[in-house]
There are 2 protein chains.
Amino acid sequence: MSDSLVLDGRGPLHEQIRRAVCAPIISGAWTPGRRIPSEHELMALFGASRMTVNRAMRTLADGGLIVRRRRTGSHVAAPSGERALVTMGDIRATIDKRGQAYAYECLARRGARASDDIAGRFEIAAGTPLLNISCRHLADGRPAALEDHWINLAALPEASQERFDKVAPGEWLAARLPWAKSRYIVSAVNAGSAMAKLLDLEPESACLKIDRQSWRNGIPATFVTALYPGAGHALTGEVAPPYSSP
Amino acid sequence: MSDSLVLDGRGPLHEQIRRAVCAPIISGAWTPGRRIPSEHELMALFGASRMTVNRAMRTLADGGLIVRRRRTGSHVAAPSGERALVTMGDIRATIDKRGQAYAYECLARRGARASDDIAGRFEIAAGTPLLNISCRHLADGRPAALEDHWINLAALPEASQERFDKVAPGEWLAARLPWAKSRYIVSAVNAGSAMAKLLDLEPESACLKIDRQSWRNGIPATFVTALYPGAGHALTGEVAPPYSSP
DNA sequence: TGCGATTTGTACGTATGTATT
DNA sequence: CAATACATACGTACAAATCGC
């Protein structure tokens, strides 16, 4: 039973090979560290060329399922911590999908210069010109999220021309920097009285807080704190072995 | 400036090509929908073979940065919502990394049969034999997490032999099913009085709640609810264009 | 409707380089 | 140093999808 690798005849050859090797790994039959047949052995086993076998194995390696080293060969990888793919659909899409009416509201917009505190968290020089926008998202007229945006005008000078009274900073940014790098931290907090009022919640209600920082060409561009009522918002995610069986 | 694609001479050719095409996309110079030169054009531009160009482009397509279609060619993709890679390192690793002493404590362990309620959420037949474990993780003697595990004995019969008084169900499972598929939901809740007591918190403190379900060979295997003090735990994640510049 | 042209997808063969034991 | 096994790269061929005429 150690080498019952079989092709299923469905789809491209390199995918069949990938699935064949994948199956015993995700089923747990091949535990981490177990050696995987060499490319030459797989060539013989499946009657495929080395390039084809190589592509299948490289795909598994890219997905983190196996580790490849010269001379030693390929081995089943040990999952590193737990990487998970989370879908953080933006607020508007989330609300739309629930069939609720979406509305955006700008609460405040002001220019400022980076204080020492902000500069420290932001990794920018103190005194850098910033734009601060406080806004709210509504679902069927009820508050669904509160956002506090800081935009670095040195990185995004176009922002100073935008009033943000109709378009949310998040959307504005997504249109301008569709593939921006960002980093975020998810935590739970009790809503203070001011926040609770703005979110129409009982004071001390649990909220999901997401801090996010984004960069443009390596320069910090935005810093956002978003607050969601705990009962009304959740992140969903999935951990799945990449390229599993159908 | 529309075609200033240049190789940087560092690393394998296919990676250089990938980076060259990647750069204008993540900088925003090429917006979603913009056409990318065909493989033949890139061959001529870079003096590389089609296989090499193809590999670079296919890698970008796998990462979701571009979309490829026959005859129409390749185009810059529009980011789909916001997929983010979250690291959900397990509790023990998180505590260890902070330099705190980790301890595990089993609060209760009992067999049960799936009630209609559980069966519904679990997607299993009512009456299925289950194992329920309630446990706690401690950092330097202070509660750091509360977990409520439901294990489907039909999927994991070995679990009935394990007492879970020394080893946490999460670790036990990770050793057995390293690449299990799982799905989870992150939300914020106020700790009820019982939970607050077990976590040594003020009642109504905000907590991060993570519900997770895992499968073994397509059969629901475990269902876990974990509760973390809001102040002491956070998820961190990163959204980054796959295969960006160095 | 059909047909040719374009573009990507798959697969094979071959060669050489490189890290590691 | 030699052997192993993966990494890169080139060339070729044909298939499949799709657009425009």
Side-chain angles (χ1 to χ4, degrees), chain A residues 3 5-22 25 30 32-77 243 246, chain B residues 3 5-22 25 30 32-78 242-243 246:
Chain A
D3 270 26
L5 297 175
V6 275
L7 304 182
D8 55 20
R10 280 177 296 133
L13 187 51
H14 65 90
E15 285 187 13
Q16 293 184 47
I17 295 174
R18 175 171 51 62
R19 279 197 300 272
V21 176
C22 206
I25 298 174
W30 288 4
R34 145 122 201 190
R35 190 195 141 85
I36 284 163
S38 74
E39 295 189 351
H40 272 100
E41 290 169 311
L42 292 172
M43 281 173 68
L45 227 166
F46 298 129
S49 78
R50 193 167 91 84
M51 284 307 297
T52 304
V53 170
N54 180 275
R55 176 165 173 187
M57 294 301 103
R58 198 177 53 225
T59 308
L60 289 180
D62 288 345
L65 222 64
I66 69 174
V67 174
R68 319 193 75 199
R69 282 210 326 266
R70 302 180 212 224
R71 167 70 195 181
T72 14
S74 303
H75 295 81
V76 177
Y243 312 112
Chain B
D3 268 26
L5 298 174
V6 274
L7 304 181
D8 55 20
R10 279 178 297 132
L13 186 51
H14 65 90
E15 284 187 14
Q16 293 183 48
I17 296 174
R18 176 173 49 63
R19 278 196 301 272
V21 176
C22 205
I25 297 175
W30 290 3
R34 145 123 202 189
R35 191 195 141 84
I36 285 163
S38 75
E39 295 189 351
H40 272 99
E41 290 170 310
L42 292 172
M43 280 173 68
L45 227 166
F46 297 129
S49 77
R50 189 164 92 86
M51 284 309 296
T52 304
V53 170
N54 180 276
R55 176 165 174 188
M57 294 302 103
R58 199 176 54 226
T59 308
L60 289 179
D62 287 345
L65 223 63
I66 69 175
V67 173
R68 320 193 74 199
R69 282 213 326 269
R70 300 179 211 219
R71 166 73 194 180
T72 1
S74 304
H75 295 81
V76 176
Y243 312 111

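Labels below follow one simple rule: chain letters A, B, ... track the order of the sequence lines, proteins then strands, and each chain is numbered from 1. If you're wondering where the values come from, they're calculated on a predicted model, not measured in any experiment.
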Enquirer: I need the CZ-P distance between Arg10(A) and dT10(C), as an integer number of Å.
Expert: 16 Å

Enquirer: Taking the side chain of Met51(B) as heavy atoms from C-beta outward, which of dT6(C), dC10(D), dG9(C) is closest to it?
Expert: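 Nearest nucleotide to the side chain: dC10(D).
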
Enquirer: From the set dC19(D), dA11(C), dA9(D), return the single nucleotide nearest to any side-chain atom of Pro12(B).
Expert: dA9(D)

Enquirer: Can you measure Met57(B) atom CE to dT10(C) atom P for me and round it to whole angstrom units?
Expert: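 The answer, rounded to whole Å, is 16 Å.
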
Enquirer: Taking only side-chain nitrogens and oxygens of Thr52(A), does any of them come within less than 4.0 Å of OP1 or OP2 of dC12(C)?
Expert: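 Answer is yes, contact under 4.0 Å.
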
Enquirer: What's the closest nucleotide to the Ser38(A) side chain, out of dC12(C), dC6(D), dC19(D)?
Expert: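 The answer is dC6(D), which lies nearest to the side chain.
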
Enquirer: With the side chain of Arg71(B) defined as its heavy atoms from C-beta on, choose the nearest nucleotide among dT6(C), dT8(C), dT8(D).
Expert: dT6(C)

Enquirer: Checking side-chain polar atoms at under 3.5 Å, does Ser74(A) have a donor or acceptor matched by the opposite partner on Arg68(A)?
Expert: yes

Enquirer: Of the listed nucleotides (dA7(D), dC19(D), dC10(D)), which one gets closest to any side-chain atom of Ser49(B)?
Expert: dC10(D)

Enquirer: Under 4.0 Å: is that the gap between some side-chain N or O of Arg55(A) and OP1 or OP2 of dT10(C)?
Expert: yes

Enquirer: Tell me: CG of Leu13(A) to C1' of dA15(D), nearest whole Å?
Expert: 15 Å

Enquirer: Look at Ser74(A) and dC6(D) and indicate whether a side-chain polar atom (N or O) is within less than 4.0 Å of OP1 or OP2.
Expert: yes

Enquirer: In plain terms, say whether Arg55(B) and Glu15(B) are close enough for a salt bridge, that is, a side-chain N and a carboxylate O under 4.0 Å apart.
Expert: no

Enquirer: Counting side-chain heavy atoms from C-beta on, which of dA19(C), dG9(C), dT8(D) comes nearest to Arg70(A)?
Expert: dA19(C)

Enquirer: With a 4.0 Å cut-off on heavy atoms, is His40(A) in touch with a base, just the backbone sugar-phosphate, or nothing at all?
Expert: nothing

Enquirer: So, is Arg68(A) close to the dA7(D) phosphate, meaning a side-chain N or O under 4.0 Å from OP1 or OP2?
Expert: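 True: Arg68(A) side-chain N/O within range (under 4.0 Å) of dA7(D) OP1/OP2.
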
Enquirer: Please report the distance, rounded to the nearest Å, between CG in Asn54(A) and C1' in dT8(D).
Expert: 9 Å

Enquirer: What's the shortest heavy-atom distance between Arg35(A) and Gly73(A), and which atoms?
Expert: NH1-CA, 4.2 Å

Enquirer: State plainly whether the residues Arg58(B) and Glu39(B) are in salt-bridge range, i.e. N to O under 4.0 Å.
Expert: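 No, this pair does not count.
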
Enquirer: Whole Å only: how far is the CE atom of Met43(A) from the P atom of dC12(C)?
Expert: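 My rounded result for the distance is 9 Å.
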
Enquirer: Using whole Å, report how far CZ of Arg50(B) lies from P of dC14(D).
Expert: 14 Å

Enquirer: Report the residue (Gly11(A) or Glu41(B)) whose heavy-atom-nearest nucleotide on DNA chain C is the more 5′ of the two.
Expert: Glu41(B)

Enquirer: Nearest whole angstrom, please: distance from the P of dT8(D) to the CZ of Arg58(B).
Expert: 12 Å

Enquirer: Using whole Å, what does the distance between atom P of nucleotide dT12(D) and atom CD of Glu39(B) come to?
Expert: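 Atom-to-atom, Glu39(B) to dT12(D), this comes out as 16 Å.
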
Enquirer: Supply the atom-to-atom distance Trp30(B) CH2 to Leu65(B) CG, rounded to the nearest 0.5 angstrom.
Expert: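 Taking CH2 in Trp30(B) and CG in Leu65(B), the distance rounds to 11.0 Å.
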
